[in-house]
A.B. asks: 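Have a look at this one.
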Amino acid sequence: MTDEINPFELAQKQFDHVADMLDLDEEIRAYLRWPKKEFHVRIPVRMDNGELKIFDGFRVQHNDALGPNKGGLRFFQNETFDTVRALGTWMTWKCAVANVPLGGGKGGVVVDPTQLSDREKERLLREYVRLLWKNFGPRTDVPAPDMGSNAQMMCWFMDEYSALSGQYTPGVVTGKPVGAGGSLGRMQATGFGVIVTVREAMKHLGIDPKGTTASIQGFGNVAQYSATNFVESLGGIVKCVSCWDRFDNKSYTFYREDGIDPRYLMTITDQYGMINKTKAAENGYEILDGDSWLHQDVDVLIPAALEGQIRIDNVDKISSRVKIIAEAANGPTTTEADETIKKKGYFVIPDFLCNCGGVTCSYFESVQNDANFYWSEKEVLEKLDEKMTDAFNFVYSLSVERNVFMRDAAYMVAIQRVVTAMKLRGWV
Ligand code: NAD
């Protein structure tokens with residue numbers, strides 16, 4: 001049996017569960033169960049072959065009680081309004097748990113970016129901005145790169161917005177290239193933060209990180225820097241990573257008993273996080289089926305690809321040796337699978353805490369854009385480490401104090417911070 005996954009229903013279920021624990025009143029629940037503003041645009045793009053194609057685009061602004069809406073812009077063929085709603089809702093909780101003064105938003109375009117030329121991608125992105133630009137701005141809503149989008153695309157976003165608004169506005173997006181208003185450290189920020197939370201979890205669980213093992217799903221931006229930091233900062237061994245192969249239309253796991261070399265694999269991975277199978281096999285990597293990453297006898301599992309990957313039909317395949325599940329991706333675990341995970345006692349670092357390094361660094365980028373003064377990479381990563389450590393420990397302390405699951409504790413911290421701001425602003 002598989003549990004059908006609608007990510008927005010999952011986000012609402014998770015919220016309802018904690019709203020009960022916090023005994024939130026009905027008015028506040030009604031406010032927070034749905035995004036405050038939603039946009040759906042149909043984006044016309046002239047393709048290189050002269051044909052006009054129309055793409056669906058979304059932007060959702062969930063809640064801005066703590067500050068401007070903030071969240072990625074995805075280019076993904078399976079994007080739906082509900083995925084964007086879910087991700088926008090999670091951004092509200094993520095910014096709140098990270099303790100940065102930002103609200104939650106998300107955007108998506110229904111497109112397979114691998115099928116577009118760079119010029120087509122640029123036209124699509126610029127048209128999206130033209131349709132929605134009045135709803136964006138450094139004090140309104142600030143997108144960032146996400147699945148299928150990148151620093152170059154953020155630069156086009158900033159350029160188009162600046163032209164339309166008549167003023168250079170680097171702070172309208174984050175995740176820009178360094179040299180065009182971007183922050184040093186942003187590229188590795190999410191994966192770096194994932195491993196800070198793993199390090200802190202290990203401290204509390206009394207685990208010496210040196211020589212511990214990990215299995216990672218995905219090998220895009222987040223997975224790559226989770227892997228390098230697990231190996232280089234913690235002295236751990238990553239047994240395998242995985243990726244989606246768009247030519248075969250299936251996923252594969254790349255395994256080495258003595259540990260993969262993430263820096264090498266990065267040299268044979270394309271911009272969409274697809275590893276070259278032939279080169280990997282020539283270099284001693286075993287190529288296993290796409291689900292194998294979940295069954296490994298390792299200390300840490302890091303889902304870093306997509307939502308809905310740990311489900312009721314596969315949760316029992318997780319090894320009893322696993323101690324920590326670090327949710328680097330957004331929404332990788334269904335609520336039904338969560339129940340099994342709780343019973344089995346795996347220590348979960350919930351997604352919006354685990355992967356909040358990206359948004360925290362985005363916040364640093366906005367601060368640098370506002371001040372027009374840029375920090376060194378060392379300074380950025382030190383500040384990020386401090387913020388992530390504080391965020392993790394705040395949630396962990398509450399989970400111990402209230403004897404609740406880490407996901408519930410993270411939600412309690414986040415929801416309470418948002419509700420406090422809403423009350424102070426006189427909204428409820
Ligand atoms: P990405 O596009 O760079 O990489 C995605 C990776 O997942 C690729 O390696 C792809 O091959 C792989 N993948 C896709 N489908 C797969 C499947 N079925 N099985 C195995 N692998 C598969 O994306 P990313 O930026 O690394 O984001 C990954 C996740 O982290 C997403 O859930 C995203 O929303 C979340 N996230 C990203 C950031 C960020 O800063 N990039 C921040 C927070 C959360």
Side-chain angles (χ1 to χ4, degrees), residues 7 70-79 83-84 86-88 90-91 93-95 97-98 104 106-108 112-114 143-151 153-154 174-175 182-183 185-194 197 215-227 240-254 262 265-266 268-277 288-294 302-311 314 326-333 350-363 365 384 388:
K70 177 86 197 111
L73 175 58
R74 309 194 338 156
F75 274 43
F76 182 42
Q77 61 273 29
N78 298 332
E79 201 66 89
T83 330
V84 179
L87 295 168
W90 283 321
M91 281 307 295
W93 314 136
K94 189 185 299 189
C95 293
V97 91
K106 204 73 164 191
D112 178 355
T114 64
D146 205 305
M147 207 159 63
S149 63
N150 57 28
M153 287 155 82
M154 294 307 109
T174 59
S183 174
R186 177 63 183 86
M187 182 75 107
Q188 65 264 49
T190 306
F192 177 92
V194 167
T197 65
S215 168
I216 302 180
Q217 186 191 31
F219 202 58
N221 173 273
V222 179
Q224 289 176 13
Y225 291 101
S226 298
C240 59
V241 294
S242 72
C243 76
W244 180 256
D245 189 307
R246 65 180 174 279
F247 301 124
D248 298 352
N249 226 6
K250 61 188 285 222
S251 55
Y252 293 105
T253 300
F254 295 74
L265 284 183
M266 283 161 78
I268 59 162
T269 300
D270 72 10
Q271 60 173 313
Y272 306 106
M274 188 181 93
I275 302 168
N276 183 317
K277 280 204 305 294
L288 311 174
D289 71 72
D291 296 336
S292 303
W293 73 278
L294 189 73
I302 308 182
L306 290 180
E307 58 275 358
Q309 298 302 296
I310 304 180
R311 303 173 303 268
N314 65 11
E327 294 184 334
N330 286 313
T333 311
D351 52 1
F352 61 106
L353 171 63
C354 189
N355 67 30
C356 72
V359 78
T360 303
C361 194
S362 281
Y363 165 61
E365 185 176 329
L384 185 56
M388 294 291 302

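Everything quoted here is computed from the prediction, not taken from an experiment. In listed order, ligands and their atoms are each counted from 1.
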A.B. asks: Specify side chain, backbone, both or neither for Gln217, according to which of its non-hydrogen atoms lie closer than 4.0 Å to ligand 1.
C.D. replies: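 It is the side chain that gets close, since no backbone atom is under 4.0 Å.
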A.B. asks: Compute the shortest N/O to N/O distance between Asn221 and ligand 1 and return yes if it is under 3.5 Å, no if not.
C.D. replies: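 There is such a contact, yes.
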A.B. asks: Is it true that, when you exclude Met274 itself, more than 12 heavy atoms of the residues, nucleotides or ligands shown sit nearer than 6.0 Å to its CE?
C.D. replies: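 Yes, the 6.0 Å shell around CE holds more than 12 heavy atoms from other groups.
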A.B. asks: What protein heavy atom sits nearest atom 33 (C) of ligand 1, and how far off is it?
C.D. replies: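 I find the closest protein heavy atom is Asp146 OD1, 3.6 Å.
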A.B. asks: For atom 9 (O) of ligand 1, which of the options Cys356, Gly273, Cys354 provides the nearest non-hydrogen atom?
C.D. replies: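 Selected option, by shortest heavy-atom distance: Gly273.
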A.B. asks: For ligand 1, is any non-hydrogen atom under 4.0 Å from Met187's backbone (N, CA, C, O), its side chain (CB onward), both, or neither?
C.D. replies: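 It is neither; nothing of Met187 touches ligand 1.
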A.B. asks: Is the shortest distance from a heavy atom of Ser242 to ligand 1 less than 4.0 Å?
C.D. replies: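 Yes, Ser242 has a heavy atom closer than 4.0 Å to ligand 1.
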A.B. asks: What is the nearest protein non-hydrogen atom to atom 18 (N) of ligand 1, stated with its residue, atom name and distance?
C.D. replies: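 Going atom by atom, the protein heavy atom closest to atom 18 (N) of ligand 1 ends up being Trp244 CE3, 3.6 Å.
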A.B. asks: Show the nearest heavy-atom pair for residues Trp90 and Pro7, with the distance to one decimal.
C.D. replies: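 For Trp90 and Pro7, the tightest heavy-atom pair comes out as CH2-O, 3.9 Å.
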A.B. asks: Where is the nearest protein heavy atom to atom 35 (C) of ligand 1: which residue, which atom, and how far?
C.D. replies: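 Closest protein heavy atom to atom 35 (C) of ligand 1: Asn330 ND2, 3.6 Å.
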A.B. asks: Considering only heavy atoms, does Ala144 approach ligand 1 within less than 4.0 Å through its side chain, its backbone, both, or neither?
C.D. replies: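 Ala144 to ligand 1: no contact under 4.0 Å from either part.
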A.B. asks: Is there a side-chain contact between Cys356 and Met388, using heavy atoms and a 4.5 Å cut-off?
C.D. replies: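 In short, these two side chains touch, coming nearer than 4.5 Å.
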A.B. asks: What do we get for Ala329 next to ligand 1 when only non-hydrogen atoms under 4.0 Å count, side chain, backbone, both or neither?
C.D. replies: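 The answer is both.
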A.B. asks: Would you check if Leu294 and Gln217 make a side-chain contact, meaning some heavy-atom pair closer than 4.5 Å?
C.D. replies: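 They are not in side-chain contact.
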A.B. asks: Taking the non-hydrogen atoms of Ser251, is any one of them nearer than 4.0 angstrom to ligand 1?
C.D. replies: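 The answer is yes: ligand 1 sits under 4.0 Å from a heavy atom of Ser251.
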A.B. asks: Could you tell me whether Arg186 approaches ligand 1 through its side chain, its backbone, both or neither, with non-hydrogen atoms closer than 4.0 Å?
C.D. replies: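 Side chain only.
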A.B. asks: Could you tell me if the side chain of Pro332 sits less than 4.5 Å from the side chain of Asp351, heavy atoms only?
C.D. replies: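 They are in contact (side-chain heavy atoms under 4.5 Å apart), so the answer is yes.
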A.B. asks: Any side-chain heavy atom of Pro303 sitting closer than 4.5 Å to one from Ile310?
C.D. replies: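 They are in side-chain contact.
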A.B. asks: Pick, from Phe75, Trp90, Tyr272, the option with the minimum heavy-atom distance to atom 8 (C) of ligand 1.
C.D. replies: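 Nearest heavy atom to atom 8 (C) of ligand 1 lies in Tyr272.
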A.B. asks: Do me a favour and list the nearest non-hydrogen protein atom to atom 31 (C) of ligand 1 with residue, atom name and distance?
C.D. replies: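 That would be Ala305 O, 3.3 Å.
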A.B. asks: Using a distance-only test with no angle check, is there a side-chain donor-acceptor pair under 3.5 angstrom linking Arg74 and Ser149?
C.D. replies: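 No, no side-chain donor-acceptor contact under 3.5 Å.
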A.B. asks: Which of the atoms of ligand 1 are close to Ala304, meaning less than 4.0 Å from one of its heavy atoms?
C.D. replies: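 Answer, ordered by atom number: 28 (C).
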A.B. asks: Quick check: Glu307 and ligand 1, any N/O pair under 3.5 Å apart?
C.D. replies: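 No.
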A.B. asks: Geometry only, no angles: is Phe219 polar-contacting ligand 1 at N/O separations under 3.5 Å?
C.D. replies: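 Yes; at least one N/O pair falls below 3.5 Å.
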A.B. asks: At less than 4.0 angstrom from any non-hydrogen atom of Leu306, what atoms of ligand 1 do you find?
C.D. replies: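 Under 4.0 Å from Leu306, ligand 1 has these atoms: 15 (N), 18 (N).
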A.B. asks: Will you find, in the side chains of Thr333 and Glu327, an N or O donor that is under 3.5 Å from an N or O acceptor?
C.D. replies: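 Glu327 and Thr333 do have a side-chain donor-acceptor pair below 3.5 Å.
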A.B. asks: Which ligand 1 atoms does Ala328 reach within 4.0 Å, using its non-hydrogen atoms?
C.D. replies: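 Taking each heavy atom of Ala328 in turn, ligand 1 has 30 (O) under 4.0 Å.
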A.B. asks: Do Lys277 and Phe254 come close enough that some side-chain heavy atom pair is under 4.5 Å?
C.D. replies: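 The answer is yes, as the side chains (C-beta and beyond) meet within the 4.5 Å cut-off.
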A.B. asks: Taking the side chain as every heavy atom from C-beta outward, state whether Asn330 and Lys106 have any atom pair closer than 4.5 Å.
C.D. replies: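 Yes; the side chains approach each other to less than 4.5 Å.
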A.B. asks: Do ligand 1 and Thr190 have nitrogen or oxygen atoms that lie under 3.5 Å from each other?
C.D. replies: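 In this structure, Thr190 places an N or O atom under 3.5 Å from an N or O of ligand 1.
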A.B. asks: Test side chain to side chain contact (heavy atoms under 4.5 Å, CB included) on Phe219 and Met266; report intermediate values, then the result.
C.D. replies: CA-CA 8 Å; Phe219 202 58; Met266 283 161 78; 3.8 Å; yes
A.B. asks: For residues Val241 and Ile275, determine if any side-chain heavy atom of one lies less than 4.5 Å from a side-chain heavy atom of the other.
C.D. replies: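 A side-chain contact under 4.5 Å exists here.
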A.B. asks: Given Lys94, Gln271, Met147, which has its nearest heavy atom closest to atom 43 (C) of ligand 1?
C.D. replies: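 When every heavy atom of Lys94, Gln271, Met147 is considered, Lys94 comes closest to atom 43 (C) of ligand 1.
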A.B. asks: Given that the side chain starts at C-beta and the backbone is N, CA, C, O, which of these parts of Ala189 lies under 4.0 Å from ligand 1, counting heavy atoms, or is it both or neither?
C.D. replies: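 Ala189 to ligand 1: no contact under 4.0 Å from either part.
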A.B. asks: With only distance considered, is Gly220 within less than 3.5 Å of ligand 1 through an N or O on each side?
C.D. replies: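 By distance alone, the answer is yes.
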A.B. asks: Heavy atoms, side chains only, cut-off 4.5 Å: are Leu73 and Asp146 in contact?
C.D. replies: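 The answer is no, as the side chains (C-beta and beyond) never meet within the 4.5 Å cut-off.
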A.B. asks: Is there a donor-acceptor contact under 3.5 Å linking the side chains of Thr174 and Lys70?
C.D. replies: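 Note: Thr174 and Lys70 side chains meet the donor-acceptor criterion.
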A.B. asks: Test your reading of the structure: does Asn355 have an N or O sitting under 3.5 Å from an N or O of ligand 1?
C.D. replies: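 Min N/O separation from ligand 1 is not below 3.5 Å for Asn355.
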A.B. asks: Whether Asp112 and Arg246 form a salt bridge (side-chain N of Lys/Arg under 4.0 Å from carboxylate O of Asp/Glu) is what I want to check.
C.D. replies: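 No, Arg246 and Asp112 are not salt-bridged.
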A.B. asks: Taking both backbone and side-chain atoms of Val222, is any N or O found less than 3.5 Å from an N or O belonging to ligand 1?
C.D. replies: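 Yes, at least one N or O pair falls under 3.5 Å.
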